[in-house]
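Below is one structure, written out as structure tokens; the observations come after it.
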Amino acid sequence: MTTVRTLVAALCLCALGLLPLPSFAATELVLWHAYRAEEKAALEKVVAEYNAANAAKGIKVTTLAVPYDAYADKISATVPRGKGPDLFIFAQDRLGGWIESGNTVEPIDFYLDDATKKRFIPSTMEAMTYRGTTYGLPLNYKVITLIYNKKLVPVPPKTTGELVKLAKTLTDKKAGRFGLAYAYSDFYYHAALMNGFGGGVFGANVTPTLNSAQNVKSLELMMKWLEKDGIVPTEPSTALITALFNEGKAAMVFSGPWFLGEVAKGVDYGLARLPILDEAGGKPMSPWMTVEGVYVAAPSKNKEAAYDFARFLTEASSAKTLALEGRQSPSNQAVYSDAKVAADPQLKAMREQVEVAVPMPNVPEMSMVWSPATSAMNAIVKKASTPKAAMDVAQKAVAKDVANLRKK
Amino acid sequence: MALFSSRREGVPHLPLHVLLLGFTLFTLYPILWVVSLAFSGRQSLALSTLPESPTAMDRLRAVIPWPETWSLSNFTSVLTDQPFARWVLNSVIISTGTTVVGVFVACTAAYAFSRFKFPGQRAGLMAFLVSQMFPGTLMLIPLYIILVQWLGLGSSRLGLIIVYATTSIPFSVWMLKGYFDTIPKDLEEAALMEGASVSRIFWSIILPLAKPALSVTALFSFMTAWNEFILAATFMDQEAMYTAPVGLRFFVGGFSQQWGYFAAGAILVSVPVVVLFLFLQKYLVSGLTAGSVKG
Amino acid sequence: MSTNAPQQPAGDLGGPGPGVASGQSGDVLLTGANGGPASSLRRGRVLGGLALTLGLSLFLANGLLARAREERAVERAQRRAGVALLSLADVVQRAGGTGDGVRAAVKDWPLPAGASVRVIAFNGIRLEASTFPEDTGDKAAPRRLSRDEKPLYDRGQRLRAAVETNREEGGARKPEVESEARPSGGRLLSAPVEVDGTVVGAVEVATPPVPPVGRGGLAEALAAFLVPLGVCGGAGFLVRRQRVLAGVAAVLFVAGLGGYAVHSMRTLADELRGTQEAVGAELRERTTRAQALLAAHGLRTEPPLTPAAWDADSLRHPLGLLTDAGQPVEAMLATRVAQVRDEASRALGLLGVLGLALLLYVGLGGLHRTAATLKEHRQAYAYILPALVGMLLLVFFPFGYGIALSFTDANLYNTHQPLSELWVGLRNYVEILGDFQIARRAADGSLVFNYLNFYYTLFFTVVWTVTNVAIGVTVGLVLALALNVPNLRLRPVYRVVLILPWAMPNYITALIWKGMFHQQFGVVNQVIRMFGGQGVSWFDSPTTSFLTALATNGWLSFPFMMVVSLGALQSIPAEIYEAARVDGANRWQQFTAITLPALRPALVPAVILSVVWTFNMFNIIFLVTGGDPGNSTEILVTQAFKFAFQRYRYGYAAAYATIIFGILLLYSLVQNRVSRATEAA
């Protein structure tokens with residue numbers, strides 16, 4: 001009886017916060033991420049806020065930064081064996097693979113209520129969904145937008161017709177000036193055109209559709225810009241694009257937030273939505289977006305606590321810190337009505353662009369696409385092959401790989 | 001060069017200097033780009049840019065690794081941004097441990113292969129070689145299972161030392177075995193006559209004579225551990241346990257890449273290797289003479 | 001040279017001193033003598049060997065039989081539970097997946113003691129009906145699932161995804177019936193509930209623990225052990241020659257184990273028939289009940305019930321062992337019995353072969369000799385042991401796993417299945433090595449290589465290896481020779497500078513090299529243009545792309561060779577050159593007659609290892625060319641990597657890796673034969 005009484009007394013004292021919580025009651029959650037510098041600092045700030053608010057409950061979140069190059073391998077090696085973290089942050093591109101290999105990512109539909117679901121930009125939620133099941137809460141997204149030199153382009157073009165017209169006046173090949181520069185031979189960048197035309201990489205049932213008519217049309221438009229209109233440089237390497245933009249020799253660029261860090265100090269740039277495709281009947285260019293989600297690890301012993309933290313991390317208040325201090329574009333919708341966030345031109349532009357962006361497929365088959373697609377893009381740009389012929393070759397290669405994976 | 005080693009005849013040094021100078025330049029050129037990048041205060045790996053119609057001077061400027069402005073900011077950032085010193089210390093501990101364990105274990109094995117005749121000798125020596133043949137890129141998960149799941153050596157320096165030492169042993173065994181073979185046996189026979197034990201002979205006669213080969217294998221073992229990245233990043237679960245290569249990789253990979261930081265860090269982590277080499281090179285070139293063997 | 005040195009001193013160092021009886025001399029003694037202690041020793045060895053191996057084999061066989069019987073018992077329980085599950089799922093589907101019909105069906109569903117069922121509906125995350133003992137009182141169905149019941153919901157969703165995936169892909173790769181062990185010992189089976197083509201929930205059946213199967217068959221095992229042993233003991237007095245006696249023992253071993261095998265298979269066949277009857281009875285009972293329920297609650301009777309479909313595998317494919325009326329299908333049963341019999345005889349056959357080998361090894365004195373050898377050379381083995389243990393653990397175990405993987409169809413989709421279920425034999429190898437489409441003629445008559453072909457990649461890898469090692473060794477050796485000249489000024493400076501490529505992390509230097517070959521900004525093209533030439537698009541043709549990787553790797557690898565050569569040069573005493581000069585040898589003669597042979601012991605291993613490393617030099621290819629253009633500069637190991645991590649075909653990639661391993665092993669065996677590097681000095 002005395003032991004019971006002591007216990008009750010201790011519990012009361014604990015509840016009043018007079019006694020420190022016994023250590024066995026403490027729940028430690030481990031979160032892995034691949035951030036550094038200001039992103040890491042912002043994340044750690046949010047984590048500290050959470051820890052302060054939940055100290056009474058005995059919940060403590062600790063973080064571990066992992067270099068990006070080793071991150072995916074580390075998760076694949078550790079998490080299924082129960083040695084990994086309770087939560088981790090990763091882009092959606094590896095999600096399908098981890099779900100298929102099993103015991104890595106916990107489905108969260110059971111926890112997910114409608115209020116939480118509505119918190120996010122719908123397409124970012126779609127990126128977290130695999131075969132009808134939700135596996136993570138979307139944290140932030142990255143998309144490419146139109147970045148322009150304000151000196152050369154007073155008003156950004158709204159349509160591709162305007163874009164070409166404007167770019168032609170700004171192009172002077174002899175002086176090395178171009179109206180537009182972007183890594184058009186890179187399949188990731190080209191996807192903005194491809195999706196705009198209604199094309200894509202996979203159709204229903206994850207069957208590859210690389211050589212679809214829409215895809216070919218989008219490639220023909222790209223080749224028109226390169227050959228007939230001549231508004232883009234012939235060698236579209238990222239180094240060249242950065243150099244041209246910084247020297248004021250490229251008026252407009254299609255690129256993502258990572259490009260902004262490389263813009264030289266003196267260049268006054270603006271961001272705008274990618275233009276509408278006149279050639280596709282007024283449909284907008286739709287870039288691929290990569291969405292970073294926060295996932296609960298399947299073998300975690302504190303799934304509910306982990307999910308609670310994931311919810312906190314994607315709340316508007318956390319999103320504000322991550323946006324303003326970590327320079328991320330949060331998936332949380334409410335944060336964009338915050339005065340400071342709304343006043344930020346980068347965040348505003350990203351928010352507008354994401355409306356028409358398409359989540360990059362999260363199926364594991366996507367990794368089979370890059371190499372054939374890159375070869376095809378190179379062949380098309382170097383005029384070694386017509387768009388149709390090149391995409392036929394790529395289609396055949398991807399279809400073969402998909403079939404080989406599925407055969408019994 | 002042994003061929004030119006005559007003191008009386010002498011070798012014309014000038015052509016040698018020309019050769020060595022040429023190679024030194026060839027060797028240094030890419031490294032100077034790393035140095036220039038590190039001191040430029042910039043982050044882009046694009047070495048230089050050119051105007052559209054460059055003059056010969058522009059081109060010349062573009063091929064000379066000289067930063068436009070000099071700045072130490074990359075170095076200070078690398079050292080203050082992250083616990084870099086701590087990671088270098090971890091690397092030093094792990095690499096030194098690897099060297100000691102790897103060289104010692106390899107020495108005893110190589111000695112047995114060189115001096116004893118026993119069944120399984122050829123197969124054993126082959127087995128060490130064979131171990132290098134399976135592509136290492138596919139072994140990450142099996143290694144993880146053995147070391148972390150079975151042996152419970154996750155997030156420990158010992159675990160990494162064991163893996164690295166095992167990786168470096170095959171080369172060390174073959175290298176040392178080859179070198180032991182060249183050490184004449186007269187000495188050991190004499191010592192044996194005087195009643196010295198095998199281990200005594202090994203420690204006090206063979207090892208001192210094998211210093212050049214020991215330095216080579218020590219350097220090799222050290223380097224195996226020093227630059228390894230993926231295993232260290234996978235096995236270590238605390239930031240304080242990371243090694244220097246892991247810390248360096250934070251700067252690159254993913255969407256934004258700070259090559260300037262990486263270059264500065266790369267120079268910093270090369271310094272201990274150079275120091276080690278400076279220490280070892282007196283053994284590497286301490287010529288062995290027949291006299292010393294006989295004496 | 002050292003290899004020609006007499007072996008005597010080495011033997012003296014390693015071998016035990018005189019007076020210690022060695023294994024060899026003992027054997028000579030035995031074969032020389034006839035009868036007496038030697039003869040009885042021989043007999044004892046054969047008899048002991050037989051007792052050991054037969055005992056061991058029978059023990060294992062008995063264990064195998066017990067396991068097989070247990071598997072059959074589990075199979076029986078599983079199939080009966082499966083019938084109960086799928087028949088209930090059928091009724092629940094006809095009741096629309098939710099509502100009173102479902103609850104009534106569950107309530108009236110007959111179950112053996114200790115078994116329970118429940119139905120989960122996705123809509124509203126509800127427990128629709130349950131007969132689980134814990135779901136009573138305020139937890140009685142219907143209700144929303146509680147927080148701790150998340151696994152139930154997730155399992156249902158997994159089944160839904162599986163059904164949809166299988167339907168979309170037109171395949172059958174995901175289980176549509178899940179079965180897992182319960183902590184209490186029974187099993188829990190779950191199946192999806194499909195209404196109008198969509199999965200709306202799940203049905204689960206929990207079974208009571210399967211009663212343990214007795215070990216059984218011990219008397220037969222004992223008989224199969226003692227009879228041959230007795231016969232062998234008797235034969236020992238009749239047969240004098242050891243070989244003959246060993247032969248007799250072998251025959252007796254086969255007879256003993258074979259007899260037991262016959263018994264085992266009969267037992268298993270009986271078990272199968274028993275299972276068949278039990279499941280048939282279950283099926284008949286369920287059919288009656290289901291029909292009664294359908295009638296009582298006015299549920300849909302169209303399409304008519306197909307009870308045979310309830311006896312299905314995890315993909316819900318009917319096993320075909322029973323008819324709709326619950327009668328056994330004899331032909332299918334016979335195949336099933338034959339299948340089980342095959343499995344058993346394969347396992348026992350393997351056991352027999354291993355046992356026989358062990359028997360002959362012990363009986364003919366192999367064990368004895370091995371022990372003697374180990375004892376004689378214990379010092380040598382002790383010196384090698386630490387290195388070998390590390391190797392065995394960290395290298396050869398993963399190897400074995402990799403090689404086993406190469407015979408399977410393991411891929412991303414089936415990682416949780418055991419390898420034995422994915423066995424495809426040599427299929428991966430046939431696919432890789434049997435593809436001879438190396439090149440084809442294009443429309444304009446030019447030759448177009450198929451860069452993904454194994455033989456093209458092999459050719460490229462060999463060219464890559466040979467050129468790299470040749471450059472590395474030549475440059476390294478020349479520099480080492482130059483640096484070995486005494487009194488050369490600035491020697492230490494050169495030495496330190498020349499190892500820098502090795503000292504610096506190659507991740508950055510490799511990328512700097514890649515940058516130097518950039519078409520627009522690369523310094524190489526700047527220099528070409530400075531002299532009036534045209535810049536080259538280095539990564540656009542296989543040859544130039546190869547040259548960039550070659551330059552990078554050459555630059556990275558010569559310091560290592562230089563250091564190795566420098567070390568090796570120290571083993572040459574200066575006096576030898578003096579003597580050679582006195583004999584009138586010129587420099588070239590000195591180099592070929594003294595320097596090269598002296599360098600050989602160190603250089604040969606370094607070259608062999610360089611070949612192995614360069615063959616598998618993943619980083620440089622990956623970082624510098626990335627296989628461009630169009631996979632033409634891939635080497636075998638980067639190709640294997642892409643098969644594993646881009647195309648997710650782990651088994652196929654493992655076969656690639658095993659082939660790489662085979663090629664290198666062959667190379668090193670040949671090289672060794674030529675250079676005799678493995679021999680002791």
Side-chain angles (χ1 to χ4, degrees), chain B residues 1-5 11 13 16 19-20 24 27 30-31 33 45-47 59 62-63 105 108-109 112 114-119 122 125 129 131-135 137-139 142 166 169 171 174-175 178-179 181-182 185 189 212-213 216 227 262 266 270 273-274 277 281 284 287-290, chain C residues 2 7 9-10 13-14 373 377 380 383-384 386-387 390-391 394-395 398-399 401 481-482 484-485 494 497-500 503-505 508-509 512 515 523 526 530 563-564 566-567 570-575 577 587 590-591 595 601-602 605 609 612 616 618 637 641 657 661 664 668 678 680-681:
Chain B
M1 149 150 112
L3 166 60
F4 299 129
S5 68
V11 194
H13 281 191
L16 284 182
L19 173 87
L20 288 169
T24 306
T27 305
I31 289 172
W33 275 114
L45 190 61
L47 302 177
R59 290 198 192 284
V63 299
V105 169
T108 55
S114 173
R115 287 301 193 262
F116 299 147
K117 184 110 184 114
F118 56 93
R122 285 182 60 117
L125 208 45
L129 185 58
S131 70
Q132 305 285 295
M133 294 177 185
F134 216 77
T137 39
L138 306 172
M139 305 250 287
T166 315
I169 282 171
F171 167 77
W174 274 71
M175 179 75 204
Y179 200 88
D181 284 353
T182 64
K185 286 180 205 71
E189 283 161 38
V216 176
N227 279 337
F262 193 95
S270 311
V273 179
V274 173
F277 183 75
Q281 73 167 340
L284 251 184
L288 174 80
T289 60
Chain C
S2 50
Q7 292 297 337
L13 283 172
T373 312
H377 299 286
Y383 271 67
I384 296 169
M391 290 277 112
L394 291 182
V395 181
F399 258 40
Y401 179 76
L481 288 170
N484 208 37
V485 173
Y494 287 132
V497 170
L498 288 173
I499 66 132
L500 281 180
M504 201 160 264
I508 187 166
T509 45
I512 290 277
V523 289
Q526 299 307 338
M530 238 194 287
V563 170
V564 168
L566 263 180
Q570 309 315 315
S571 70
I572 310 173
E575 286 82 350
Y577 292 104
R587 283 180 191 162
Q590 288 177 36
F591 178 68
T595 314
L609 278 158
V612 172
N616 285 340
F618 181 84
V637 63
F641 176 84
F661 170 68
L664 287 174
S668 58
T678 42

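Note that the structure is a prediction, hence the values are computed from the model and not measured. Each chain gets a letter, A, B and so on, in the order the sequences are listed, and its residues count up from 1.
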Give the C-alpha distance, both sets of side-chain angles, the deciding distance and a yes or no for side-chain contact (heavy atoms from CB on, under 4.5 Å) between C/V564 and B/F171.
CA-CA 11 Å; C/V564 168; B/F171 167 77; 4.1 Å; yes
Shortest non-hydrogen contact between B/I169 and C/A387, atoms and distance:
CG2-CB, 4.1 Å
Is chain C contacted by the side chain of B/L19, its backbone, both, or neither, given a heavy-atom distance below 4.5 Å?
side chain
Which atom of C/H377 lies closest to which atom of B/K117, heavy atoms considered
CE1-O, 3.1 Å
Closest heavy-atom pair and its distance - C/F399, B/S131:
CZ-CA, 4.1 Å
Residue, of C/I508, C/V612, C/L498, that accumulates the most heavy atom pairs under 4.5 Å with chain B:
C/I508
Interchain contact, C/L500 with chain B, by part (heavy-atom threshold 4.5 Å):
both
Could you report the tightest heavy-atom contact between B/M133 and C/S668, atom names first, then the distance?
CE-OG, 3.2 Å
Looking only at non-hydrogen atoms, find the nearest pair between B/A112 and C/A380 and report the distance.
CB-O, 3.7 Å
Could you check whether any side-chain heavy atom of B/P30 comes within less than 4.5 Å of a side-chain heavy atom of C/T509, counting everything from C-beta outward?
no
Those residues at least two apart in sequence (or on a different chain) that pass ring pair (Phe, Tyr, Trp, His ring centres under 6.0 Å) with B/F277 are none
Just verifying a value: how many Å separate C/L609 CG and B/L129 CG, rounded to the nearest 0.5 Å?
5.5 Å
Assert top hit (heavy-atom pairs under 4.5 Å, partner chain C, pool B/Q132, B/M175, B/M139) equals B/Q132
Using every non-hydrogen atom in the two residues, find where C/Y401 and B/P142 come nearest and quote the distance to one decimal.
CD2-CG, 4.4 Å
Show the numbers, then the answer: is there a side-chain contact (heavy atoms from CB on, under 4.5 Å) between B/I31 and C/V497?
CA-CA 10 Å; B/I31 289 172; C/V497 170; over 6 Å; no
